[in-house]
**Q** 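Let me give you the structure first, and then I'll get to my questions.
For ligands, and for the atoms within them, numbers begin at 1 and follow the listed sequence. Everything numeric in this text was worked out from a predicted model, so none of it was measured. We count residues from 1, following the sequence as given.
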Amino acid sequence: MRIIITGGGTGGHVYPALAIARGLHQARPEAELLYIGTARGLEADVVPRAGLPFATITVQGLERRRIWKNVPALAKIIRGLGEAWFQVRRFRPELVVGTGGYVSGPVCLAAALQGIPVVLHEQNAFPGLTNRLLATMARAVCLTFPEAAGRFSRRARLVTTGLPVRPEILRADRSVSRQQLGLREAQLFIVVVGGSQGAKSINQAMLPVLKELAGRPAVSILQVTGRRDYEVYLQQVRERGIDLDKYGNITIKPYIYDLEHALAAADLVIGRAGASFLAEILARGLPSILIPYPHAAANHQEYNARAVARKGAAILILDRELKGGRLHQAINHLLADRGRLQAMAAAAVRLGRPDALEAILEVILAELDRSKG
Ligand SMILES: CC(=O)N[C@H]1[C@@H](OP(=O)(O)OP(=O)(O)OC[C@H]2O[C@@H](n3ccc(=O)[nH]c3=O)[C@H](O)[C@@H]2O)O[C@H](CO)[C@@H](O)[C@@H]1O
């Protein structure tokens, strides 16, 4: 059995693709996999590292608003399609899985035109352009958020599966993690993560919160600032007279590699609304305050956050509202209303899809069986 996986550019497309590749490898150890990406995207680094055979094609992004601007790039688009056509012909896969990003466009199109079944995965509540264009050619589109459905053609076959979360996040044990982090039973643990790059605006909005909660025995805070802002932020914390060593209930870090322990121990999460991060906190049933990154493509993080907030699992604050002290208010509100926090956690449990990978594999394997039969 041969399967092509494609998707790339950023981690948001590459990591779900890798998770699906690993799942397929486990479910069908005999399957031969080939990952097709670009030489410039993150996939060129992480896919070979993960030990997967990797091939590249040339791609050219499409201009979304001014369609005529794509004309000069036409030669490159045609070249990419030719390369994709050749790779698909040569490998002769039984199925192609696309997780979005420009590169998956020509690969999935070439496969569909050669009569090879295609299954797509969409990570966001506002679907990406490539997946929207490919949807009707695909046998199935696996959605993370059911809210994305309205943006696809009615002819597309949509299945809500969720987004695969790394196994460490699902496995981490709450009491072990709390013990490791030195948290007391009754202490409310707040984890603040501004996305993998950090978020300056969230850091700034946290300063008055840290000032108020420093030394409060009932609360502990872990704040991840992002590497870029870390040193400057520590300086700002000191300037506010917050002595981290003296109080001991606030920890500030530039980045954490073992986020699974922090999430396993957490009672409340504050963060951006990237699809992976949301899938992680929902899979752990965590209530959250979400502040979508306002410059994400098509403002998709706001759509993600709204989908979660509408179901009662999160409080949504827009980045531009941070200056007015909304974050501080929301935190105080939740600290005073544990019932609300519990209700939000229950809503998060209902939304979480710890079985997302299995659900996606089920769709893929059913398509493989169908095309054989
Ligand atoms: C800025 C932007 O456009 N981001 C997009 C990108 O997200 P991208 O994948 O970059 O970011 P996400 O927020 O979805 O995930 C961040 C990842 O970093 C990890 N982490 C973060 C901080 C830390 O200290 N340690 C750590 O391990 C988190 O566990 C998570 O797995 O693709 C996603 C899927 O298309 C989109 O939904 C996001 O909006």
**Q** For R284 and R174, work out which heavy atoms get closest and say how close.
**A** NH2-N, 4.4 Å
**Q** Does R166 come within less than 4.0 Å of ligand 1, judged by its heavy atoms?
**A** yes
**Q** So which of Y15, Y255, F126 gets nearest to atom 20 (N) of ligand 1, if we judge by its closest heavy atom?
**A** Y255
**Q** Would you mind running through ligand 1 and noting each atom that sits below 4.0 Å from a heavy atom of Q123?
**A** 34 (C), 35 (O)
**Q** Tell me whether V193 has any N or O atom under 3.5 angstrom from an N or O of ligand 1.
**A** no
**Q** Is ligand 1 less than 4.0 angstrom away from at least one heavy atom of N304?
**A** yes
**Q** Counting each atom of ligand 1 from 1 as listed, which ones have a heavy atom of I256 under 4.0 Å away?
**A** 23 (C), 24 (O), 25 (N), 26 (C), 27 (O)
**Q** Give yes if a backbone or side-chain nitrogen or oxygen of Y293 is under 3.5 Å from a nitrogen or oxygen of ligand 1, and no if not.
**A** no
**Q** Can you tell me how far apart OG (S201) and CG (D319) are? Round to the nearest 0.5 Å.
**A** 3.5 Å
**Q** Considering distance alone, does some N or O of T10 sit under 3.5 Å from an N or O of ligand 1?
**A** no
**Q** Geometry only, no angles: is H13 polar-contacting ligand 1 at N/O separations under 3.5 Å?
**A** no
**Q** For residues 16-40, which side-chain N or O atoms pair as donor and acceptor with protein atoms under 3.5 Å away, sequence neighbours left out?
**A**
residue: Y35; atom: OH; partner: G7; partner atom: O; Å: 2.5
residue: T38; atom: OG1; partner: R40; partner atom: N; Å: 3.4
residue: T38; atom: OG1; partner: G41; partner atom: N; Å: 3.0
residue: T38; atom: OG1; partner: E43; partner atom: OE2; Å: 3.0

**Q** A273 and L278: which non-hydrogen atoms are nearest, and at how many Å?
**A** O-CD1, 3.7 Å
**Q** Report yes or no: is the cationic atom of R272 (NZ for Lys, CZ for Arg) under 6.0 Å from the centre of the six-membered ring of Y293, at an angle within 45° of the ring normal?
**A** no
**Q** Check this for me: R320, atom CZ, are more than 12 non-hydrogen atoms of other residues, nucleotides or ligands nearer than 6.0 Å?
**A** no
**Q** If you look at every heavy atom in L134 and S104, which pair is closest and at what distance?
**A** CD1-O, 3.7 Å
**Q** Could you tabulate the donor-acceptor pairs under 3.5 Å formed by side-chain atoms of residues 305-314, not counting sequence neighbours?
**A**
residue: R306; atom: NE; partner: E302; partner atom: OE2; Å: 3.2
residue: R306; atom: NH2; partner: E302; partner atom: OE2; Å: 2.8
residue: K311; atom: NZ; partner: E147; partner atom: OE2; Å: 3.2

**Q** Report, in ascending order of atom number, the atoms of ligand 1 lying under 4.0 Å from any heavy atom of E280.
**A** 28 (C), 29 (O), 30 (C), 31 (O)
**Q** Look at ligand 1 and say whether H300 reaches it with a heavy atom at a distance under 4.0 Å.
**A** yes
**Q** Between L259 and ligand 1, which residue portion shows a heavy-atom distance shorter than 4.0 Å: side chain, backbone, both, or neither?
**A** side chain
**Q** N/O of Q301 under 3.5 Å from N/O of ligand 1, yes or no?
**A** yes
**Q** Just which atoms of ligand 1 are under 4.0 Å from any heavy atom in V224?
**A** 24 (O)
**Q** Report yes if the side chains of I190 and V219 come closer than 4.5 Å at any heavy-atom pair, otherwise no.
**A** yes
